[in-house]
Structure formats: C-alpha cells, structure tokens
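Numbered from 1 within each chain, the chains take letters A, B, ... in sequence-line order. All values below come from the heavy atoms of this structure, side chains included, with hydrogens, waters and symmetry mates left out.
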Amino acid sequence: MHISVNVDGVTYADEVEPRLLLVHYLRERLSKTGTVVGCDTGNCGACTVHLDGHSVKSCQMLAVQANGHEVTTIEGLARDGKLHPVQEAFHSNHALQCGFCTPGMIMQAIDLLADESDPDDETVRKGLEGNLCRCTGYQNIVRAVQDAAQRMKPGAGPKQEQHSDEHISSKQPVGGE
Amino acid sequence: MTATAEPEIGKARLRKEDARLITGQTTWTDNLQLHGMLHMAVLRSPVAHARITGIDVSRATSMPGVAVVLTGEDFAAEQGSLPCAWPITEDMKSPPAPAMAVAQVNFAGEAVALVIADSAYHAADALEAIDIDYDELPVVLDMEEALRDNDLVHPDLGTNKCATWIFDSAEAGVGTNVEDEIASAEVVIERTFKQQRLIPAFMEPRSVVVDTTAGMFTVWSATQIPHILRWMLSAVTGISEHKLRVIAPDVGGGFGGKLQVTPEELLCLLVARRMGRPVKWTESRTESMLSAHHGRDQVQKITLSARRDGTVTGLKVELLADMGAYLRLVTPGVPILGAFMFNSIYKFAAYRFVCTNVFTNKVPTDAYRGAGRPEATFAIERMMDELAVELGVEPMKIREMNWIRHEEFPFDTVAGLTYDSGNYEAATARAMELFGYEEMREEQARRRSSGDVVQLGIGISTYTEMCGLAPSRVLGALRYAAGGWETASIRMLPTGKVEVITGTSPHGQGHETVWSQIVADKLGVPFDDVEVLHGDTATSHKGMDSYGSRSLAVGGTALVYAADKVLAKARTLAAHMMECDEVDVEFASGSFSVRGTSTVRSLGDVVLAAHVAHDLPEGMEPGMDADATFDPDNFSFPHGTHLCATEVDTETGMVRISRYVAVDDVGTVMNPLIVDGQVHGGLAQGIAQALYEEATHDEMGTLTSATLADYLVPCAADLPAFLTDRTTTPATSNPLGAKGVGEAGTIASTPAVVNSVLDALRHLGVRDIEMPMSPERVWTALQGRPDPGSGDVTAGGLGSIDAQGGQS
Ligand code: FES
Ligand code: FES
C-alpha cells in the first residue's frame, strides 16, 4: 500500500506491506532508530511517538494507519540544535541510565505535560504508567518531568523551547490506543 | 590546558552518555543494518521435556524470502556445548548444553529450529510452517521431587542432583561446630523461605549481529561481557580468537541477565559462517522471558541458635538451588556467591552452609542483580526478626547486640572473609533519624490499639554484601575458570587530549562519566578532554567486563594505576625538560614545576615532548601511554541500613510502601548523582521481588508469565519515592576507597519490605507470607489461623513491644 507520512518534519512517500508496524517502518525504512521496541504486547512504552501531537505506542499501530498524519519521534524534538526542555530535564536530573526506555519516556512525558502543566508526584507516576523503566526506579524520571514543567512555564525560556507539536495538536489522534 | 579548580571526584557531574541517549542517536545492536544481511528467527519448544521424533521443514523452506531452515541435526557436529565456567565441585554433574536441541528438549523455550530469511517478518512467518513431533517425557519442576530421582531431566546423568557444595566453619578453622552450638542453645529457630524465580527483564531485548566480511568474524551483541564472550565463542566454535571481534555497543540494561554466552550468539555466528553473509537476530520480549536465563529460585532452610539474652551463636543454611535444565556460564556458582554472606554483619560463633544444586525442566538460572547475596541477606534479615519476635526484643536492638562494632574492623568472619571497614552504628543512626523511627513505632501502636483497617509495619534490613569481584586467587580456590582482575589503558594524545580504554563494559552505569572524572582529577586535565573507549575487543583488547559491582572498585583502580604510570614517566621527562632533579619536581593541577622556582611545564607540554621524541632522557621510549591491570586482594563490603514502612489494608491485602529510607555506606563516592541512581534502581528491583515479580509455570512446565502483562515489572505508580543518604567508611582494599553500589539496593530492600509487611500483621496471627506478597497472598494469610506449633505469635509482633513499653 502507498502511504505518505510526515515524520519529524519531512514527508515520506512509501510502498509498505499492510501488516508493517509503524515502529518497524520508522526503524527499518526510515532509519529512525531512536525509537525502539521493548516488548510485543504493548506494555513497555519504549516505542512511544507522537501522532498528530498525541502519544501513541508505535508497536500497536500499522504504518498504513499513519498515512496522512504527522509523526514526531525523539529524533525530531530538538529545534535549531536546542534540546526540548523535557530532554534537558532528563539530562539534568539523571533520569536515565541505560537509556533504552528514555525516548518513549520523554515522548510520554511531553504528552503528559500538555495536559498537566504542573503535575504533582502522583500525577506524573500515573501519567507514565504505560512506560516501563528497569534502571532508574522512576524517582529521577518523576523529578525530571516536574522540573521540565517548570522549564516550560510561560516565561521560563525562549519560545522555541516550549514547542510541543502545538501546530498540529488540534488534529484528532487515529489508530493506536 | 586549564587547571581543574575543584576536585572532580565526588562531584555530581551530569553524564556524558546522555547526549546520545536523549536524542535517539544511539547504537543499539538492533539498529544495525548491513548490506546483504539475513535475519534469523528461532523456533522454540512449546513443551518442557520431550524427545524430538520428527521435524518437517519442507513447507517453511519454500516460504517467501526464506534462505534456509536449520535444525539441531544441522548443527550437531559443530555446535559443541555452551560453556559453564564454574564447576563448583570436582564431581559436579554437567550435561551437554547444545545451543539448539538435537534429539531432546529440556525446557519450554529451548531452540529447536532456525529460519534464515531476507527479512525478520519473513523469518517469523516461516517459523509457523515448521512441523515438529514431540514424544513427551515426564516433566520435573519441583526441586524436592526432583531429588527423589523418579523422573530424570537428563537420564544419562542418572540423577537430578547437580552438585553439593559445603562450607563449614569448624572444618575451615574459622569458627566452632554448628551442630554443637545448636545442641547447646537456649533458643533454636528453624524457618524455610522460598526465593521465587525472577526474570532480569532488562528493557533492551537481546540482539546479535554477525558480519563475516574482511576475513574476520565481527559479533555485535547486547551483552555485558564482550571480552568473556569472545574467549568463549572461540573456545566453543574453534574460530581463532584473533579472528573474532566482539562489540557491545549501547546496551540497554543487563542486571546479570546479559552476563551470558547465549545459544543465539553462538547460532548467529555459526549461521553467518555457513552462509558467508551477515546475520541478525533480535528477540521478542516473549522469547526473552522464555529463553534468557532467570534468577534466584532457591528453597532456604535456615537454623539459627542463640542465647536467651539475644546473642546469636550458630547458623546453619541448607539450600536447594534450581539450576533449570542446563548449566550456563556461572549457573552453579550463583548460590555459592551467597555462601559467604548469610552470617552478614553478625558475630556468629559457628556457621555451616550446604547447597544442593538441582536440575529441573525449566529455563536455566544464572546471575541476576545481587546473584546469591540477595538470597543470603533475605534469609538472615528475616531470621533476625524471627529471633526478635521469639525473644520479645526490639528488632533493631537484636541486630545491634550482635553486629560487628565499628572499632572491631578489620573483622575476620565466620565465613572466612575479612571485612575491611564499616560502621553499622553510624548508618543505622542516620537511617532511624531520617525515618523517624520512634514516631513510626508510636503511629503503629495507635493503629494497632484502634484496630485500624490499615495497619502499619516497619521493616529493617541491616545488610552487607561482598563486591568488587574478585581476587583471582579466591576465584581459583572456588574453582571458577577465570580471574577477577581488571585493566585500563591511558593514551595521551599529542594535543593533550586523553583516551581511556577500560576493560569494564558499561550498560547504563555511567562509566564514561566517572572514568573521565577520575582521570581528570589524577592528571589535572579537563573533564571534557577525556574520551572513554569500551566494549569493543578491537580497541579494548583485554578485560573481565561488568557485573558483581566490580567496575569501579577493580576497573577504576586499574585506571588510577595507569594514571600513576603516566605521571611517573611524565615526571621523569619534566625533570629532564626543566633540567632539574626529579625529586624537586612537583605536580599539581596538570602542571609540573620545580620546587621553589617559577619553572613550569604543563602535562600537555610534556606529552608533546614525549610524542615528538626529539629530546628524551637516555633510554626513555617515545610516547606517554600506560597500561595497568589490577587484581584486588580482597572483596569490598558495602553495607547500610534500610527501613521500610508499609501500610497494609487488612480488608483487601493491598500493600503500600509509605516510607522508604536507605542509608548506604558504599565507600568513597565518585559521583553522588550516579550513586543515587544506582540505589534507586536497585531498590525498585528488590521491592519488586518482595511485592510483584515471579516467574510462574503451569504443571506442564510452560512459563505462564512470559509477557510484561503477566510478569509484573513495576511501573512508576507501583513504587514510592525513596529517601536516600550515605555514611562513608572508605574501603581499604583499593586506593579509591570505593566499595561498589550496583547491587546494594536490590540486596537490602527485599527483606526490608517483607519484614515490614509481616510486622504489620504479626499481631493478627500472620507468621509468614511467600514472595511476591500480592494482595491475594496477604489477604489469604489474614484469613488463616496461626500455625498451632508456632508459639505465642498472636501476643504481639515486633511493633507491639514498643506499645507495651517493652525493650526498645
Ligand atoms: S514496544 Fe513495548 S509498548 Fe511498544
Ligand atoms: S534507563 Fe534503562 S530502562 Fe530506563
């Protein structure tokens, strides 16, 4: 099947098998290997990306379901060489060890912060329930997300740091969850 | 070259590694795409014990994209047996361990056929078209049943008993006889604990890529042990070691689970050799659960003798340890790593340890975070609570009465080790203060007297562990096949930048950052001027890799000695350059100077002079590189006090950790940020054993917890925030004073949680609950009546002692 997908700001047109998972399309066809696969049952969240500004598990979606939509991966977050504030906060708070869960965790955290601009500990923990980390015990991840919330507050930094796919966030999510 | 103003060691440096990991610029093995690469998929046995009576691959072979389908027969002549490096006794039974089953399968998940295809999808499709006939054999699952030898996992061995390993303090001349102590004891407590089977569940599934071009075999693998893997792959396949290169690129966690020479690594290599093309295998999570080694799985029978005043006298440990179906790299030795730790921080007069290793039709067990030591710590910390209950003594008090006092170090233990340093009093005092121990006990008493639905429990774990694996002579004495040294090299580049090569193999621990800190301090170079190379046998040619909380204590020490060698040579050259006597040369902040003069040469100047070699002292070789290998002469012994408060809902059995305090003494800390992170992650895994995780099987031996939906790796909402702090007594066995921290949290936390839950419920007649303490198990325990033989448990648990104005 023919699909046209915008990934990290670039539009790709491809022939794909109908059964091809979005995550495999990203990793193997587009070499977007920043997004990873941690399970086969949709439990780990390692594969989380944004579809039209909302987080989805890209192992639970077919590539064809992304046809005509915009996908943002961990590789498309930095703008003009500046890291996204959530990326910065993960670094500053030592919120990663092996880093395998990190892309998915960051994408999910951005989604969470779009709904909750100043989440408490419990809200962050609940918001990340679908993303597993085996290394950190989550403590510094929670801290990082709360720190990122502060960094993203209006006036907390230059405007370009505060993007979270706002230009496309009005569209409805499709497929996935 | 700028001088480093404040010391790097001890600084909360943000990690160098993060830049690539937070942007997705990673090098996971599965990211690799090589020209002409084939994909390998593994068909796994659905049954736990059976003879293979027929395999039909014809349908699979003709599927689209399939290059070849291979069975155990195809490899029988070349696959050899996967290595076990730790034959713990002379007469240990060791069955052949083929990478792929040939005539018989011995656990559900064992590899029985391979499809090699042009894509992973095509390979997976064809798996379903392979037909195998199995003639099922009786399945051996329970260890005690296995020891009756009615049904045998490996009939050729004639028994399911793998080995028995014994340590006895009287025989070793380091203590009295345990049977005498028990016979003459005023109090004897006997308990049996089950260490359930766990799954390491690293987040990155294992992946292997083998390339055969350029006259070399290059193996990329998501492994903790590239150096050991190269050695072992060469030994098994006969491929010359110098024609094998192993690369561990970014590796997504291991926790012991990637301390292995796996069937799939070997098979990928054999397939690549056969096909003459690159081959990739990446496992699914389910495959990982079904075939990567598991951890723990012991039954522990513990007998403790004491005097009425609370002084412990003897400790007898009788273990059954489940090997699973085969002996992998260190399978039989894992319980032995616990043998020296059951006595923990307490002064027993007598100690005896007997471990029986048993074969079953399950996935092989092997190292998982702590490996042997969590099991030991759990048993002794549970027993100290049992003794406290028995004697009606406050549980912290019973520990204090029996532990090694700080002025008694170095201390020779009843297990034959010498603990070099520690201060249990200091760590405990700090933990109790942070926890608010007295107030917690008061709150507990209030809830008890009011009959609150939600009861409060307080759990203690005053642990120690042995880290820094390991002195090679000790490993030799334990019949381990390798040494325990570590190596480091420093390459001083002509521009003054520094390359560090380490034999350790980080997979999340942050060695690139900490090794840079150490070198920056030692050589006075900027942190950012240091690059750390690791995990590639072509650049890092020698090493013993990362596990056993060894990397800093052993590998970091090698690095210190390499830096010392650089400085020693540089000092000689600096004296030559400054035309002075070497004894007058001082080194500080990256510069050499002549004492009492203003003559200065930066290290960079000296390195350049060594590199161009125009004017060197007589006999000096050009260049300023150095290698050092360090073999420790003792283990290191981190310790600490962990306190856990749980709220247990007596109506639903739900357990919530309401406060968790960890005060650890891990020796001198290089980077507190990284140490805290290690503790947090360790705590999560130890708590998970207490409350959530268990590998379960049905009666046919099928793993019923083979997905992350069934095997409950905790998510953020399942865990509390931790309060961590440190006390410090430097290790004396290495110049850094480091003890190791990778396993501490896991080792300490499991008994703290379990003791806490039991403490909440003892006054309701609950004596024990098996791990994981699920709501169902807790609720069921609450419905039961106290064991009639158990004495007066209903009169009050540990916490009731305070409430009664008792002994605290
Ligand atoms: S890979 Fe685990 S949820 Fe997608
Ligand atoms: S950092 Fe390793 S899994 Fe999260």
_Just checking B:H35: does its NE2 atom have more than 12 heavy atoms from other residues, nucleotides or ligands closer to it than 6.0 angstrom?_
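At most 12 heavy atoms, drawn from other residues, nucleotides or ligands, come within 6.0 Å of this atom.
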*Is the number of heavy atoms from other residues, nucleotides or ligands under 6.0 Å of B:Q33 CD greater than 12?*
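Counting neighbours around CD of B:Q33, more than 12 heavy atoms of other residues, nucleotides or ligands fall under 6.0 Å, so yes.
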*Could you give me the CA-CA distance, side-chain angles and deciding distance for A:Q97 and B:Q509, then say whether side-chain contact (heavy atoms from CB on, under 4.5 Å) is met?*
CA-CA 6 Å; A:Q97 291 178 29; B:Q509 295 91 336; over 6 Å; no
For [X], is it the side chain, the backbone, both, or neither that has a heavy atom closer than 4.5 Å to a heavy atom of chain B?
| X | answer |
| --- | --- |
| A:F100 | both |
| A:V124 | neither |
| A:L96 | both |
| A:L20 | both |
| A:T102 | side chain |

[atom1]-[atom2] distance between [X] and [Y], expressed to the nearest 0.5 angstrom:
| X | Y | atom1 | atom2 | result |
| --- | --- | --- | --- | --- |
| A:H94 | B:N671 | NE2 | CG | 7.5 Å |
| B:I22 | A:L83 | CD1 | CG | 5.0 Å |
| B:D710 | A:T41 | CG | OG1 | 8.0 Å |
| A:T136 | B:D676 | OG1 | CG | 12.5 Å |
| A:H91 | B:L14 | NE2 | CG | 4.5 Å |

Among [options], single out the residue with the greatest number of heavy-atom pairs under 4.5 Å to chain B.
| options | answer |
| --- | --- |
| A:L128, A:N140, A:I141 | A:N140 |
| A:G34, A:C98, A:G137, A:S31 | A:C98 |
| A:G99, A:G38, A:C39 | A:G38 |
| A:E122, A:K126, A:K32, A:Q87 | A:Q87 |
| A:E129, A:R125, A:M105, A:E75 | A:R125 |

Measure [X] against the heavy atoms of chain A and call it side chain, backbone, both or neither at under 4.5 Å.
| X | result |
| --- | --- |
| B:P506 | neither |
| B:E283 | neither |
| B:L683 | neither |
| B:Q25 | side chain |
| B:V679 | neither |
| B:I687 | neither |

*Kindly determine whether B:Y121 and A:L21 satisfy side-chain contact (heavy atoms from CB on, under 4.5 Å), including the steps that lead there.*
CA-CA 11 Å; B:Y121 278 59; A:L21 295 176; 3.7 Å; yes
Heavy-atom check, side chain of [X] versus side chain of [Y], under 4.5 Å:
| X | Y | value |
| --- | --- | --- |
| A:C135 | B:F202 | no |
| A:L132 | B:L708 | yes |
| A:R19 | B:D125 | yes |

*asked:* Salt bridge or not between B:D30 and A:R27? Use side-chain N to carboxylate O under 4.0 Å.
replied: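 Yes, charged N to carboxylate O under 4.0 Å.
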*With the threshold set at 4.0 Å, does a side-chain nitrogen-carboxylate oxygen contact exist between A:R134 and B:E693?*
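Yes, this pair counts.
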Quick check on the interface: out of [options], who has the most heavy-atom pairs with chain A under 4.5 Å?
| options | answer |
| --- | --- |
| B:T26, B:L719, B:D250 | B:L719 |
| B:G745, B:A688, B:P720, B:G254 | B:P720 |
| B:P200, B:A12, B:S119 | B:P200 |
| B:V251, B:I674, B:T707, B:D718 | B:I674 |
| B:C715, B:G681, B:A684 | B:C715 |
| B:A721, B:A120, B:G510, B:A19 | B:A721 |

*asked:* Determine whether B:W28 and A:V36 satisfy the following criterion, side-chain contact (heavy atoms from CB on, under 4.5 Å), listing intermediate values before the conclusion.
replied: CA-CA 9 Å; B:W28 313 116; A:V36 295; 3.5 Å; yes
*asked:* Assess the residue pair B:M203 and A:C44 against the criterion (side-chain contact (heavy atoms from CB on, under 4.5 Å)); give the C-alpha distance rounded to whole Å, side-chain angles, the decisive distance to 0.1 Å, and a yes or no.
replied: CA-CA 8 Å; B:M203 287 314 298; A:C44 79; 3.6 Å; yes
*Please check if any side-chain donor atom of B:H680 sits under 3.5 Å from a side-chain acceptor atom of A:Y138, or the reverse.*
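The criterion, which ignores hydrogens and geometry beyond distance, is not satisfied for A:Y138 and B:H680.
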